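Please read the structure below before turning to the comments.
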Amino acid sequence: MTNKEINNEIAKAVNSAIDQSGIKKKFLCDKTGIPYSTLNSKLRAYSPFTVAEVYAIADTMHISPTPMLSPTQISSYGSAE
């Protein structure tokens, strides 16, 4: 798997987790400190998420970050789209 493919899969997993949580992106940005434009860029896989960002997002949503980072789990989040 290439870095681009990994970034795409993580972006899909984070997008799906956000959709499933019902949390608004603006709220997520306020709580994590990730600027709104940066979050949108990362959700489109234009730039990669850092592990710290994924952890902050997961913490805000009260979920485990592991499914968003684990290649074996990524498809389960991505399949909801």
Side-chain angles (χ1 to χ4, degrees):
M1 195 175 250
T2 67
N3 284 342
K4 184 171 176 66
E5 291 170 327
I6 291 168
N7 293 340
N8 284 333
E9 292 299 313
I10 290 172
K12 282 196 287 188
V14 173
N15 261 311
S16 183
I18 291 169
D19 289 346
Q20 290 175 21
S21 75
I23 290 176
K24 301 291 183 198
K25 287 189 236 176
K26 177 72 174 125
F27 175 82
L28 195 59
C29 291
D30 290 343
K31 293 296 180 186
T32 62
I34 302 170
Y36 191 79
S37 60
T38 301
L39 179 64
N40 281 321
S41 177
K42 290 172 184 267
L43 291 172
R44 291 184 182 107
Y46 295 153
S47 59
F49 279 99
T50 66
V51 172
E53 289 167 335
V54 173
Y55 269 75
I57 290 167
D59 186 53
T60 300
M61 295 190 298
H62 306 290
I63 62 172
S64 170
T66 304
M68 291 186 278
L69 295 170
S70 173
T72 59
Q73 296 293 320
I74 285 175
S75 1
S76 68
Y77 271 106
S79 65
E81 294 186 305

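Side-chain atoms are counted along with the backbone in the values below, which use heavy atoms only and exclude waters and symmetry mates. FYI, the numbering just counts along the sequence from 1. Nothing here was measured: the structure is a model prediction, and the numbers come from that model.
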task: Verify, without hydrogens or angle tests, whether N7 (side chain) and P48 (backbone) share a donor-acceptor contact under 3.5 angstrom.
output: no
query: For K12, does its backbone N or O pair with a side-chain atom of S16 as donor and acceptor, under 3.5 Å?
result: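 Checking the backbone N and O of K12 against the side chain of S16, no donor-acceptor pair under 3.5 Å is found.
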Atom pair [atom1]/[atom2] of [X] and [Y] - distance to nearest 0.5 Å:
{"X": "L69", "Y": "I10", "atom1": "CG", "atom2": "CD1", "value": "5.5 Å"}
{"X": "L39", "Y": "R44", "atom1": "CG", "atom2": "CZ", "value": "9.5 Å"}
{"X": "S64", "Y": "Y55", "atom1": "OG", "atom2": "OH", "value": "7.0 Å"}
{"X": "F27", "Y": "T32", "atom1": "CZ", "atom2": "OG1", "value": "10.0 Å"}
{"X": "T38", "Y": "F49", "atom1": "OG1", "atom2": "CZ", "value": "10.0 Å"}
{"X": "I57", "Y": "M68", "atom1": "CD1", "atom2": "CE", "value": "6.5 Å"}

For [X] and [Y], work out which heavy atoms get closest and say how close.
{"X": "Y36", "Y": "K25", "answer": "CE1-CB, 3.7 Å"}
{"X": "I63", "Y": "A17", "answer": "CD1-CB, 4.0 Å"}
{"X": "A11", "Y": "L43", "answer": "CB-O, 3.6 Å"}
{"X": "I34", "Y": "C29", "answer": "O-CB, 3.1 Å"}
{"X": "K42", "Y": "T50", "answer": "NZ-N, 4.4 Å"}

query: Under a 4.5 Å side-chain heavy-atom rule over Ile, Leu, Val, Met, Phe, Trp and Tyr, are I18 and V51 clustered together?
result: yes
